[in-house]
Amino acid sequence: MSEPAHPRRCVLVAVDMERYSPRDNLRQYRAQQLFREVMAEAVASVGLERASWTTQQSGDGELAILPADTSELTVVADFVPALDRILREHNRNLLPGAKVRLRVAIHQGLVHLTGANGFPGEAVVEVCRLLDAEPLRQALSAFPAASVALIVSRSIFDDVVRHGYHGLRPERFAQVRVAVKQLATTAWISVPDEDAGAIAWDAPVAPVAPVAPVAPVAPVAPVAPEKEPPPAKPDPVPATYQISGVTTHGPAVFGPGGTAIGSVHGPWNGRGDQ
């Protein structure tokens, strides 16, 4: 068994399509075509040569080993935003089921380019694990208008992003924990034109339940005010009469055949036994 050739330090870019497997055969075919077109267009737009990338295709994406002299800054600050912009333009006139959205992972490290069945190297394993990180998948869901979600390794963030080179805004990158198979590390997520740093990726966010419509309240018929009871009539005060020094309250008759004083109801027989 021959000794392996010396590994090379390279920039690695792994790309994967969102929701590829649920597509039918024809849509998968067209999605692959669109993927190849936008990748070539984005690479050319930032002055890189697509033909110089060593790629390993996977149907719904690829692993690319870039030439040793490729600038990490160009890949992070120029290529990814260009990929997002170009993909948006292509998606504009497509039905939702035909749109292509991409997850992108960027790392750097030593790679054996002469492997018998791929590209041996820890850097290759890590960039592929970063691509499968759950927070990166959540990023496209959190920003439905975006076409690309990016995750960069700790070394890429420390060497390139945190310095703010070429208009990069470190505060818009979100630090996340990645635990995929045997890889447990930290990485940083970014979504072009969005503030990924405003979301707590490590805490699962429950979808906001829609507010139930409020049923209209039937108008309440006005209640007629209660009528006040009529004021009670005071008991009549009996009239006072005085005859021959005798005082009487109310009607009275003095003596047989006497004169009635006040009101007397009924016939009077002239006797006191009425």
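Heavy-atom basis, side chains included; hydrogens, waters and symmetry copies ignored.
- Between R88 and D193 there is a side-chain heavy-atom pair separated by less than 4.5 Å.
- Note on ring orientation: taking the six-membered ring where Trp is involved, the planes of W53 and F79 are perpendicular (angle over 60°, cut-offs 30° and 60°).
- Between the H163 side chain and the D158 main chain, a donor and an acceptor come within less than 3.5 Å of each other.
- When atom types are taken as modelled, the side chain of R101 and the backbone of A146 share a donor-acceptor pair closer than 3.5 angstrom.
- For D24, the CG atom sits in a packed shell: over 12 heavy atoms of surrounding residues, nucleotides or ligands are nearer than 6.0 Å.
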Apply side chain to side chain contact (heavy atoms under 4.5 Å, CB included) to the pair V38 and V100, showing each step before the final yes or no.
-> CA-CA 10 Å; V38 297; V100 171; over 6 Å; no
Dump the intermediate steps for side chain to side chain contact (heavy atoms under 4.5 Å, CB included) on E72 and I156, then the final yes or no.
-> CA-CA 8 Å; E72 298 94 329; I156 291 290; 4.0 Å; yes
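- Under a 3.5 Å cut-off, the side chain of R30 and the backbone N or O of L26 do not form any donor-acceptor pair.
- Other members of the hydrophobic cluster containing L63, listed by chain and number, are L12, I65, V111, L113, F119, V124, V127; membership follows side-chain contacts under 4.5 Å among ILVMFWY residues, whether direct or relayed.
- Two residues are said to be in side-chain contact when any heavy atoms from C-beta on lie closer than 4.5 Å; V76 and V161 meet this criterion.
- Checked for salt-bridge contact, R137 and D132 meet the test: a charged N lies under 4.0 Å from a carboxylate O.
- Counted within 6.0 Å of CD on E49, heavy atoms from surrounding residues, nucleotides or ligands total 12 or fewer; the atom is thus considered open.
- Atom CD of E171 has more than 12 neighbouring heavy atoms from other residues, nucleotides or ligands inside a 6.0 Å radius.
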Please lay out, stage by stage, how E122 and H107 fare under the test side chain to side chain contact (heavy atoms under 4.5 Å, CB included).
-> CA-CA 11 Å; E122 291 181 355; H107 185 33; over 6 Å; no
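- In summary, E62 and R50 engage in a salt bridge, as defined by a charged side-chain N under 4.0 Å from a carboxylate O.
- Side-chain contact check for L110 versus R8: every heavy-atom pair is 4.5 Å or farther apart.
- The minimum heavy-atom distance linking V160 with L73 is given by the pair CG1-CD1, 3.8 Å.
- The shortest distance between side-chain heavy atoms of E89 and N91 does not fall below 4.5 Å.
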Working for side chain to side chain contact (heavy atoms under 4.5 Å, CB included), residues R154 and W188 = CA-CA 7 Å; R154 182 166 50 193; W188 277 259; 3.8 Å; yes
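- Taken together through direct or relayed side-chain contacts under 4.5 Å among Ile, Leu, Val, Met, Phe, Trp and Tyr, V13 and V43 form part of one hydrophobic cluster.
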